[in-house]
Amino acid sequence: MMENLFQLEKRLGEILPRKRFLHSMGVMTTAFSMAITFKEDYEKAAIAGLIHDCAKYMTGEEMLLECYKNNIPVKPVEKLKPDLLHAKLGAFFAKNVYNIVDEEILSAITWHTTGKPDMSKLEKIIFVADYIEPNRSSSTIPELDSIRKLSFENLEEAVCKILGDTVRYLEQSGLAIDETTAITYDYYKGNYGK
């Protein structure tokens, strides 16, 4: 596994902008630690964390074109905010460019931005690790330290908190909300919200 991880790290370092690459490294180490905490497969968590943003070096227009070219469905909100496509396009690249065939890893990459109702443990770990990794700043994410603490105590409550904060931020900013994010928040709020 480690040789593959090193090879992936090298390849991603060559295409991702430095800031994005450091973020990916941060998600990888956070996901690895969370996987150990929650008794999940830490090798899968490390790979999914490292490669989750492998399509994020592209512009929104390039992502749209790449999705159309490869018959990847595009929702109306993704046409408005093509950056959202990096998750499903990332899963496509992970499989077709980086030869990752593990469906759990591909699913965790697909849902790392919006989440989805009833996520697997690995999906939740990548979703949360993307939000709390060490390069994130409390100047842009209120309560980041308490969310980091919660993330290692109760994974479902952390997912619910992150979704709630994200939905509130998008509503207050007047930005479009992906319907999957809203549905996922309702699911976790109904099952794990306080």
Side-chain angles (χ1 to χ4, degrees), residues 5 8-9 12-38 40 42 45-60 63 77-78 80-90 108-116 119 121-178 180-182 184-185 188-189 192-194:
L5 196 59
L8 279 174
E9 184 182 320
L12 288 171
E14 291 169 354
I15 62 162
L16 291 178
R18 177 121 179 102
K19 186 176 177 184
R20 180 65 44 198
F21 180 68
L22 291 175
H23 165 71
S24 296
M25 296 292 288
V27 175
M28 177 183 73
T29 55
T30 304
F32 180 87
S33 301
M34 292 180 72
I36 290 172
T37 300
F38 294 109
E40 179 56 88
Y42 57 81
I47 291 170
L50 177 62
I51 204 164
H52 78 288
D53 270 352
C54 67
K56 201 144 183 182
Y57 66 94
M58 305 173 84
T59 66
M63 288 185 206
V77 70
E78 293 166 335
L80 293 172
K81 295 173 61 180
D83 185 56
L84 291 170
L85 291 167
H86 81 273
K88 59 174 84 168
L89 193 55
I109 295 169
T110 300
W111 300 110
H112 83 267
T113 302
T114 62
K116 69 170 188 165
M119 285 187 278
K121 197 186 297 182
L122 182 61
E123 289 166 340
K124 286 181 278 196
I125 286 172
I126 299 304
F127 177 83
V128 171
D130 185 41
Y131 196 83
I132 67 166
E133 63 93 6
N135 295 294
R136 299 286 193 194
S137 168
S138 58
S139 65
T140 55
I141 301 175
E143 302 181 71
L144 181 58
D145 288 341
S146 65
I147 295 171
R148 283 177 171 147
K149 185 173 185 295
L150 177 63
S151 298
F152 283 87
E153 294 171 347
N154 190 314
L155 193 52
E156 287 74 23
E157 284 184 20
V159 168
C160 187
K161 171 72 175 154
I162 291 167
L163 285 163
D165 288 355
T166 300
V167 167
R168 273 186 293 282
Y169 168 78
L170 292 171
E171 286 174 345
Q172 290 167 0
S173 303
L175 298 170
I177 300 173
D178 186 305
T180 307
T181 300
T184 305
Y185 177 50
Y188 280 92
K189 187 177 167 187
Y192 304 103
K194 288 186 174 178

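- Between L8 and I47, some side-chain heavy-atom pair lies under the 4.5 Å cut-off.
- In this structure a side-chain-to-backbone donor-acceptor pair under 3.5 Å is present from T29 to G26.
- Residues H23 and E133 are in side-chain contact: their nearest non-hydrogen atoms beyond the backbone lie under 4.5 Å apart.
- I132 places a side-chain heavy atom less than 4.5 Å from the side chain of F152.
- Side-chain contact between D165 and I147: present, with at least one pair of heavy atoms (C-beta onward) separated by less than 4.5 Å.
- Under a 3.5 Å cut-off, the side chain of K56 and the backbone N or O of R20 do not form any donor-acceptor pair.
- Side-chain contact between Y185 and T166 is absent, with no heavy atoms from C-beta onward closer than 4.5 Å.
- Listed by first then second residue, pairs satisfying salt bridge (Lys or Arg N to Asp or Glu O under 4.0 Å) with a partner in residues 22-38 number zero, not counting sequence neighbours.
- Not one N or O on the side chain of D178 forms a donor-acceptor pair closer than 3.5 Å with the backbone of L84.
- A distance-only check finds no donor-acceptor pair linking the side chain of R148 to the backbone of E143 [under 3.5 Å].
- Remark: H112 engages H52, H86 in a ring pair (Phe, Tyr, Trp, His ring centres under 6.0 Å) (not counting sequence neighbours).
- With sequence neighbours excluded, the residues that form a side chain to side chain contact (heavy atoms under 4.5 Å, CB included) with I141 are Y131, R136, L144.
- The two residues A31 and I126 make their nearest non-hydrogen contact at CB-CD1, 3.7 Å.
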